[in-house]
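Report on the structure given below.
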Amino acid sequence: MEALDEYIDLSYIPSQPPNNFQSFDIYVPKPRNTSHEQPPLICFIHGGAWRSEDKLDHAGLAHRLASFTGYVVAVPNYRLSPRESTEDNAIRHPDHAKDILRFLEFVTTWAGPHGTSVYNSNKLCLIGHSCSAHMLSSIFLEATQGEDSLRPSAELLKSTKAIIMSEGIYDIDLLLSSFPAYKAWFIEAAFGRRSTYEEASVTKMDPRMEYHHLRWLIVHSKGDTLVDEAQSEAMYQHLLRSVPHVKRNFEKLIEEHNDILKGVDFVKLVGQYIIDNVPLCI
């Protein structure tokens, strides 16, 4: 595997002592050409039902993405909902997404490790897996009900060129119609007890009018038994009606929900999409 420079446990929200849940790791490949053009930044946001996983779980994936594309890859943590949630310790939507928004705003202005920039902050490519597909959608689509607490800055909207979402959760009521046990398992901890989760379903949200350049790719594996294809199809149809650039790939991958992240097919699929749509030089 290609040698990379790694910078681990960097805080995107400064605190004392540092909060691991609000930190990120970044993987920087060696330059492949003699141009002075800095590479885009790929940000992979992990899944885990809003309650589990860690950025280090995806260090291998980050290495493979950086090696395949030649682009810098960052993987953040974010606050997780406790498995035994109470009113005193609850971390609920949109708290997780607020952390991701803070991270994304941070990397658009960060001077880089040791004060040296290592990527082009005007070329961001975002990957959301499972629940983090919901988080990214909540940020880059606009809520039609309630407060818009996840509004990104104009700079972040302009800098983000592509969003790739795999095995995503988008319509929570639709998810619960297929998997009713998920309500007690993790939905109530992440969203609270409700009779309907329509307000939190991103298939009901509108595109932000500040941008039309953003390209979306929705990926779903034929082998996924934890989140059904109906989720990705619903999101694809929603975006197809409302944004100019959206594609899907529901045929290429055949592994289970999380297993797709362990092999090379996912890296080749999303990595080539990123290279084609966010090239090093324009």
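Just so it is clear, the values below take in all heavy atoms, side chains as well, and ignore hydrogens, waters and symmetry mates.
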Distance from [X] atom [atom1] to [Y] atom [atom2], nearest 0.5 Å?
X: Ser11; Y: Gln16; atom1: OG; atom2: CD; value: 8.0 Å
X: Lys161; Y: Ile163; atom1: NZ; atom2: CD1; value: 12.0 Å
X: Leu124; Y: Thr160; atom1: CG; atom2: OG1; value: 4.5 Å
X: Ser177; Y: Ile172; atom1: OG; atom2: CD1; value: 12.0 Å
X: Lys55; Y: His46; atom1: NZ; atom2: NE2; value: 9.5 Å
X: Arg241; Y: Asp206; atom1: CZ; atom2: CG; value: 11.0 Å

* Criterion side-chain contact (heavy atoms from CB on, under 4.5 Å) on Lys158 and Asn122, from CA distance to verdict -> CA-CA 7 Å; Lys158 180 181 177 182; Asn122 293 316; 5.9 Å; no
Indicate yes or no: does [X] engage [Y] in a salt bridge with an N to O separation below 4.0 Å.
X: Asp95; Y: Arg92; value: no
X: Arg208; Y: Asp148; value: yes
X: Arg194; Y: Glu188; value: no
X: Lys268; Y: Asp265; value: no
X: Glu229; Y: Arg248; value: no

* To do: List in chain and number order the residues that pass side-chain contact (heavy atoms from CB on, under 4.5 Å) with Ser232, two or more places apart in sequence or in another chain; answer none if no residue qualifies.
  => Tyr170, Ile218, His220, Phe250
Please answer: with hydrophobic residues joined when any side-chain heavy atoms are less than 4.5 Å apart, are [X] and [Y] in the same cluster?
X: Leu174; Y: Met135; value: no
X: Ile254; Y: Val227; value: no
X: Leu280; Y: Ile274; value: yes
X: Val202; Y: Val243; value: yes
X: Ile91; Y: Phe186; value: no

Just by distance, no angles: are the side chains of [X] and [Y] close enough, under 3.5 Å, to form a donor-acceptor pair?
X: Ser81; Y: His96; answer: yes
X: Ser166; Y: His129; answer: yes
X: Ser15; Y: Gln22; answer: no
X: Glu256; Y: Ser221; answer: no

* Asked: Hey, which of Phe191, Trp50, Tyr78 is the one that makes ring pair (Phe, Tyr, Trp, His ring centres under 6.0 Å) with His93?
  -> Phe191
* To do: Check step by step if ring-ring contact (aromatic ring centres under 6.0 Å, His included) holds for Tyr273 and Trp216.
  => CA-CA 10 Å; Tyr273 178 85; Trp216 301 75; over 10 Å; no
Kindly indicate whether the side chain of [X], heavy atoms from C-beta on, has any atom under 4.5 Å from the side chain of [Y].
X: Phe140; Y: Leu104; value: yes
X: Glu199; Y: Met205; value: no
X: His257; Y: Ser130; value: yes
X: Phe21; Y: Leu80; value: yes

Can you name the closest pair of heavy atoms from [X] and [Y] and give their distance?
X: Gly128; Y: Leu136; result: N-CD1, 3.6 Å
X: Cys125; Y: Pro40; result: SG-CB, 4.5 Å
X: Tyr197; Y: Gly192; result: OH-O, 2.7 Å
X: Cys131; Y: Ala49; result: SG-N, 3.7 Å
X: Leu261; Y: Arg64; result: O-NH2, 2.7 Å
X: Ile164; Y: Val270; result: CG2-CG1, 3.7 Å

* To do: Would you check, one step at a time, whether the test ring-ring contact (aromatic ring centres under 6.0 Å, His included) holds for His245 with His213?
  => CA-CA 8 Å; His245 307 292; His213 66 278; 8.8 Å; no
* Asked: Is the backbone N or O of Val278 less than 3.5 Å from a side-chain atom of Tyr71, with the two atoms forming a donor-acceptor pair by type?
  -> yes
* Under 3.5 Å: donor-acceptor pair, side chain of Glu105, backbone of Pro152 -> no
* Gln38 and Ser117: side-chain contact (heavy atoms from CB on, under 4.5 Å), yes or no, with the steps? -> CA-CA 9 Å; Gln38 290 187 315; Ser117 178; 3.2 Å; yes
* Go through the steps for Lys222 and Glu255 under the test salt bridge (charged side-chain N to carboxylate O under 4.0 Å, His left out), then give the verdict. => CA-CA 7 Å; Lys222 290 293 186 187; Glu255 297 90 351; over 6 Å; no
* Test side-chain contact (heavy atoms from CB on, under 4.5 Å) on Val219 and Ile260 and set out the steps. => CA-CA 11 Å; Val219 174; Ile260 66 168; 5.5 Å; no
* To do: Could you give me the CA-CA distance, side-chain angles and deciding distance for Ser159 and Glu155, then say whether side-chain hydrogen bond (donor to acceptor under 3.5 Å, both in side chains) is met?
  => CA-CA 6 Å; Ser159 298; Glu155 185 60 34; 3.3 Å; yes
* **Result of checking Asp99, Asp25, Asp54, Asn19 against Asn77 for side-chain hydrogen bond (donor to acceptor under 3.5 Å, both in side chains)** => Asp54
* Hey, mind stepping through Ile127 and Phe266 against side-chain contact (heavy atoms from CB on, under 4.5 Å) and telling me if it holds? -> CA-CA 11 Å; Ile127 305 174; Phe266 179 81; 4.2 Å; yes
* **Mutual orientation of the aromatic rings belonging to Phe179 and Tyr182 [parallel < 30°, tilted 30-60°, perpendicular > 60°]** => parallel
* **Parallel, tilted or perpendicular, as decided by the 30° and 60° cut-offs, for the rings of His58 and Phe44** => tilted
